[in-house]
Amino acid sequence: MKILEWYFFFHHRATLSDVLFRGAPLVSLFSHVEAAGYTVDETWLFFDPQSRGTVVSVTHLHDEVEMLLNNRFANARSVWRIASTEDRIRLPVLRPPVFCVSVCVGLLGWRAYTMRGFEAKLQRNGAERISW
């Protein structure tokens, strides 16, 4: 299965300003990133590496895809889009420490250990920031 384009959803930690002025719940001490991508036949893969295990959803149903994408766009602080250069999905060989960033960046065959480092790599490699 070849992913044509990847989307990365960065959920940054809520700041005091977010809580006071934007009504954001202070839900986590850490930031989070998750991925979604689609194939040539418009099947979508949603990839969410969580602390208790990775959640993978695969669907081609329009209503389900729309709901999942709307949920991620509504909750993400920034969204990046990049065309895939791989002919198949790569799952990285992980060594501790394993974070959502190191798992998601591994889907592209790269390495990064911080949100800022991953965003910088995306920018250097021609990704488009479509929401912030």
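Exactly one residue among Arg72, Glu34, His32 makes a side-chain hydrogen bond (donor to acceptor under 3.5 Å, both in side chains) with His11. That residue is Glu34.
Between Leu4 and Val40, the closest side-chain pair of non-hydrogen atoms falls below 4.5 Å. Using a 4.5 Å heavy-atom cutoff, the side chains of Asn71 and Phe9 are not in contact. At least one side-chain heavy atom of Phe47 sits under 4.5 Å from a side-chain heavy atom of Val103. At a threshold of 4.5 Å between non-hydrogen side-chain atoms, the residues Thr43 and Tyr38 do not count as touching.
When only modelled atom types and interatomic distance are considered, Glu119 and Ser78 share a side-chain donor-acceptor pair under 3.5 Å.
In this structure, Phe8 has its ring center closer than 6.0 angstrom to the ring center of Phe118.
Residue Gln50 qualifies as enclosed at atom CD: its count of foreign heavy atoms under 6.0 Å is above 12.
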request  = Would you please test Ile82 and Leu108 for side-chain contact (heavy atoms from CB on, under 4.5 Å) and show each step?
outcome  = CA-CA 10 Å; Ile82 189 166; Leu108 296 170; 4.2 Å; yes
task = Please assess Leu122 against Trp110 for the test side-chain contact (heavy atoms from CB on, under 4.5 Å), listing each intermediate value before the final yes or no.
result = CA-CA 10 Å; Leu122 285 167; Trp110 305 341; 3.9 Å; yes
query = When you look at Arg81 and Glu5, which way does the side-chain contact (heavy atoms from CB on, under 4.5 Å) test go after all the steps?
reply = CA-CA 7 Å; Arg81 175 176 60 199; Glu5 197 167 53; 3.2 Å; yes
inquiry  = Assess the residue pair Trp80 and Phe10 against the criterion (side-chain contact (heavy atoms from CB on, under 4.5 Å)); give the C-alpha distance rounded to whole Å, side-chain angles, the decisive distance to 0.1 Å, and a yes or no.
reply    = CA-CA 8 Å; Trp80 291 80; Phe10 288 84; 3.5 Å; yes
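A donor-acceptor distance shorter than 3.5 angstrom exists from the side chain of Lys121 to the backbone of Arg111, with no hydrogens or angles considered. Looking only at distances, a side-chain donor or acceptor of Asn70 sits under 3.5 Å from a matching main-chain atom of Glu66.
Residues Ile3 and Val55 are members of separate hydrophobic clusters, defined by side-chain heavy-atom contacts under 4.5 angstrom among Ile, Leu, Val, Met, Phe, Trp and Tyr. Criterion: ILVMFWY side-chain heavy atoms under 4.5 Å apart, direct or through other members. Under it, Leu61 and Phe46 are not part of a common hydrophobic cluster.
When all heavy atoms are compared, the tightest approach of Val33 to Cys100 is N-SG, 3.5 Å. Residues Leu45 and Val58 approach most closely at CD1-CG2, 3.7 Å, considering heavy atoms.
Using a 30° and 60° split on the angle between ring planes, Tyr7 and Trp44 fall in the tilted class, from 30° to 60°.
With rounding to the nearest 0.5 angstrom, the CD atom of Glu42 is 12.0 Å from the OG1 atom of Thr59. To the nearest 0.5 Å, atoms CD (Glu64) and OG (Ser57) are separated by 7.5 Å. The line from CZ of Phe99 to SG of Cys104 is 13.5 Å long, rounded to the nearest 0.5 Å.
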